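Here is the structure we will look at.
Model, not experiment: these values are computed from the prediction. Side chains included, hydrogens not; waters and symmetry mates left out as well; all remaining heavy atoms used.
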Amino acid sequence: MRSTTTAAVIAALVVPLGSATGEPAREGYTPSLVELMLTTQSHHAKLWLAGSVGNWELAAYQADELKEGLEEAGKLVPDYKGIPVGKMVDDLIMPRIEEVESAIKARDRAKFPAAYDKLTAACNSCHQGSNRGFIVLQRPPASAFPNQSFAPKRK
(Lines give C-alpha, C1' and ligand atoms only; values in the text may rest on other atoms or scores of the structure.)
Protein backbone atom coordinates (compact mmCIF):
# COMPACT_ATOMS: atom_id res chain seq x y z
CA MET A 1 0.00 0.00 0.00
CA ARG A 2 2.77 2.42 0.93
CA SER A 3 4.68 1.90 -2.34
CA THR A 4 1.45 2.46 -4.29
CA THR A 5 0.87 5.73 -2.45
CA THR A 6 4.48 6.79 -2.98
CA ALA A 7 4.25 5.96 -6.69
CA ALA A 8 1.05 7.99 -6.98
CA VAL A 9 2.67 11.01 -5.31
CA ILE A 10 5.73 10.79 -7.54
CA ALA A 11 3.55 10.45 -10.65
CA ALA A 12 1.55 13.51 -9.62
CA LEU A 13 4.75 15.53 -9.27
CA VAL A 14 6.37 14.30 -12.47
CA VAL A 15 3.45 14.03 -14.90
CA PRO A 16 2.73 17.28 -16.74
CA LEU A 17 -0.06 19.31 -15.19
CA GLY A 18 -2.47 18.77 -18.08
CA SER A 19 -2.10 15.00 -17.80
CA ALA A 20 -2.32 15.04 -14.01
CA THR A 21 -5.65 16.85 -14.17
CA GLY A 22 -7.04 14.45 -16.74
CA GLU A 23 -7.04 17.07 -19.48
CA PRO A 24 -5.90 15.81 -22.86
CA ALA A 25 -2.57 17.15 -24.07
CA ARG A 26 -3.00 19.88 -26.66
CA GLU A 27 -0.74 20.15 -29.65
CA GLY A 28 1.30 23.31 -29.47
CA TYR A 29 0.45 23.67 -25.80
CA THR A 30 2.09 26.59 -24.00
CA PRO A 31 2.04 26.48 -20.20
CA SER A 32 0.37 29.36 -18.44
CA LEU A 33 2.33 31.79 -16.30
CA VAL A 34 0.95 30.21 -13.13
CA GLU A 35 2.19 26.78 -14.23
CA LEU A 36 5.62 28.20 -14.95
CA MET A 37 5.67 29.97 -11.58
CA LEU A 38 4.69 26.80 -9.71
CA THR A 39 7.75 25.10 -11.18
CA THR A 40 9.81 28.17 -10.34
CA GLN A 41 8.59 28.01 -6.74
CA SER A 42 9.68 24.38 -6.50
CA HIS A 43 13.21 25.19 -7.73
CA HIS A 44 13.38 28.21 -5.41
CA ALA A 45 12.57 26.00 -2.40
CA LYS A 46 14.94 23.22 -3.43
CA LEU A 47 17.69 25.78 -4.00
CA TRP A 48 17.42 26.86 -0.36
CA LEU A 49 17.20 23.31 0.96
CA ALA A 50 20.36 22.30 -0.91
CA GLY A 51 22.41 25.46 -0.39
CA SER A 52 21.61 25.85 3.28
CA VAL A 53 23.25 22.48 4.03
CA GLY A 54 26.18 22.98 1.66
CA ASN A 55 25.06 20.58 -1.06
CA TRP A 56 26.71 22.75 -3.70
CA GLU A 57 26.23 20.34 -6.60
CA LEU A 58 22.46 20.18 -6.04
CA ALA A 59 22.27 23.91 -5.30
CA ALA A 60 24.05 24.69 -8.59
CA TYR A 61 21.62 22.41 -10.43
CA GLN A 62 18.60 24.08 -8.83
CA ALA A 63 19.95 27.58 -9.54
CA ASP A 64 20.43 26.62 -13.19
CA GLU A 65 16.93 25.12 -13.39
CA LEU A 66 15.51 28.25 -11.76
CA LYS A 67 17.30 30.46 -14.26
CA GLU A 68 16.21 28.35 -17.25
CA GLY A 69 12.61 28.27 -16.08
CA LEU A 70 12.45 32.02 -15.59
CA GLU A 71 14.09 32.64 -18.96
CA GLU A 72 11.46 30.39 -20.50
CA ALA A 73 8.68 32.23 -18.66
CA GLY A 74 10.02 35.54 -19.97
CA LYS A 75 10.04 34.20 -23.53
CA LEU A 76 6.67 32.42 -23.41
CA VAL A 77 4.87 35.18 -21.50
CA PRO A 78 6.81 38.38 -22.20
CA ASP A 79 3.74 40.43 -21.31
CA TYR A 80 1.00 39.37 -18.91
CA LYS A 81 -2.00 41.67 -18.83
CA GLY A 82 0.19 44.68 -19.54
CA ILE A 83 2.93 43.62 -17.13
CA PRO A 84 6.36 43.21 -18.78
CA VAL A 85 7.21 39.80 -17.31
CA GLY A 86 10.23 39.21 -19.54
CA LYS A 87 11.77 42.59 -18.73
CA MET A 88 11.11 42.18 -15.01
CA VAL A 89 12.77 38.76 -15.01
CA ASP A 90 15.80 40.13 -16.87
CA ASP A 91 16.14 43.31 -14.79
CA LEU A 92 15.16 42.17 -11.30
CA ILE A 93 15.69 38.43 -11.02
CA MET A 94 18.63 37.45 -13.23
CA PRO A 95 21.20 39.65 -11.43
CA ARG A 96 20.16 38.07 -8.10
CA ILE A 97 20.46 34.55 -9.53
CA GLU A 98 23.99 35.44 -10.62
CA GLU A 99 24.80 36.41 -7.01
CA VAL A 100 23.43 33.08 -5.79
CA GLU A 101 25.48 31.25 -8.42
CA SER A 102 28.59 33.13 -7.28
CA ALA A 103 28.03 32.06 -3.67
CA ILE A 104 27.49 28.47 -4.79
CA LYS A 105 30.61 28.46 -6.96
CA ALA A 106 32.62 29.81 -4.01
CA ARG A 107 30.97 27.23 -1.72
CA ASP A 108 30.41 30.10 0.67
CA ARG A 109 27.97 29.10 3.41
CA ALA A 110 27.99 32.66 4.78
CA LYS A 111 27.39 34.37 1.44
CA PHE A 112 24.72 31.94 0.20
CA PRO A 113 21.91 32.89 2.64
CA ALA A 114 22.33 36.60 1.91
CA ALA A 115 22.33 36.02 -1.84
CA TYR A 116 19.29 33.74 -1.54
CA ASP A 117 17.46 36.34 0.53
CA LYS A 118 18.21 39.00 -2.11
CA LEU A 119 16.82 36.68 -4.78
CA THR A 120 13.71 36.09 -2.70
CA ALA A 121 13.28 39.85 -2.17
CA ALA A 122 13.61 40.36 -5.94
CA CYS A 123 10.91 37.75 -6.55
CA ASN A 124 8.63 39.51 -4.08
CA SER A 125 9.42 42.87 -5.70
CA CYS A 126 8.40 41.40 -9.04
CA HIS A 127 5.14 40.19 -7.50
CA GLN A 128 4.52 43.67 -6.04
CA GLY A 129 5.19 45.28 -9.41
CA SER A 130 2.81 42.83 -11.06
CA ASN A 131 -0.08 43.63 -8.73
CA ARG A 132 0.43 40.20 -7.18
CA GLY A 133 1.87 41.36 -3.87
CA PHE A 134 -0.25 38.77 -2.11
CA ILE A 135 2.22 36.15 -3.44
CA VAL A 136 5.07 36.28 -0.95
CA LEU A 137 8.04 33.94 -1.11
CA GLN A 138 10.25 33.07 1.84
CA ARG A 139 12.87 30.60 2.90
CA PRO A 140 11.12 27.25 3.21
CA PRO A 141 10.90 26.35 6.91
CA ALA A 142 10.83 22.63 6.04
CA SER A 143 11.05 20.41 3.00
CA ALA A 144 7.92 19.76 0.98
CA PHE A 145 9.90 16.97 -0.70
CA PRO A 146 10.15 14.13 1.83
CA ASN A 147 11.31 11.73 -0.87
CA GLN A 148 14.49 13.72 -1.61
CA SER A 149 17.61 14.12 0.49
CA PHE A 150 19.22 17.53 0.38
CA ALA A 151 22.26 16.57 2.43
CA PRO A 152 25.57 16.64 0.57
CA LYS A 153 27.11 13.30 -0.38
CA ARG A 154 29.67 12.01 2.06
CA LYS A 155 33.04 11.29 0.56
Correct closest heavy-atom pair for A50 and A59 would be CB-N, 3.6 Å
Can you tell if the side chain of M37 reaches within under 4.5 Å of the side chain of V34, non-hydrogen atoms only? no
Only pairs under 3.5 Å count here: list side-chain donor-acceptor contacts from residues 61-75, not counting sequence neighbours, and write none if there are none.
residue, atom, partner, partner atom, Å
Q62, OE1, H43, ND1, 2.7
K67, NZ, E101, OE1, 3.2
K67, NZ, E101, OE2, 3.2

Quick one: side chain to side chain contact (heavy atoms under 4.5 Å, CB included) partners of R107, sequence neighbours excluded? W56
Take E35 and T40, measure what side chain to side chain contact (heavy atoms under 4.5 Å, CB included) needs, and give me the verdict at the end. CA-CA 9 Å; E35 290 169 312; T40 298; over 6 Å; no
Can you tell me which residue among E98, E99, R96 is in a side chain to side chain contact (heavy atoms under 4.5 Å, CB included) with L119? R96
Could you tell me which non-hydrogen atom of P113 sits nearest to which non-hydrogen atom of R139, and how far apart they are? CB-NH2, 3.5 Å
Any chance you could measure L58, atom CG, to K153, atom NZ, to the nearest 0.5 Å? 10.0 Å
Is there a side-chain contact between F112 and L47, using heavy atoms and a 4.5 Å cut-off? yes
Hey, could you give me the CD1/NZ distance between I97 and K118, rounded to the nearest 0.5 Å? 14.5 Å
So, H44 versus Y116, ring centres under 6.0 angstrom or not? yes
Going by distance alone, is a donor N or O of one side chain under 3.5 Å from an acceptor N or O of the other, for S125 and Q128? no
Cation-pi geometry met for K46 and F145 (6.0 Å, 45°): yes
Verdict with supporting geometry, S143 and F150, side chain to side chain contact (heavy atoms under 4.5 Å, CB included): CA-CA 9 Å; S143 176; F150 291 91; 3.6 Å; yes
Residue pair D79 / P84: nearest heavy atoms and the distance that separates them: OD2-N, 4.2 Å
Where P31 and L36 come nearest, the two heavy atoms and their spacing: CG-CD2, 3.8 Å
Heavy-atom closest pair (P95 atom, D90 atom, distance to 0.1 Å) is CD-O, 3.4 Å
How many angstroms lie between OG1 in T120 and CD in Q138, if you round to the nearest 0.5 Å? 9.0 Å
Would H127 and V136 count as a side chain to side chain contact (heavy atoms under 4.5 Å, CB included) if you check the C-alpha gap in whole Å, the side-chain angles of each, and the deciding distance to 0.1 Å? CA-CA 8 Å; H127 296 155; V136 180; over 6 Å; no
Same apolar cluster (I L V M F W Y, side chains within < 4.5 Å links), L137/V89: no
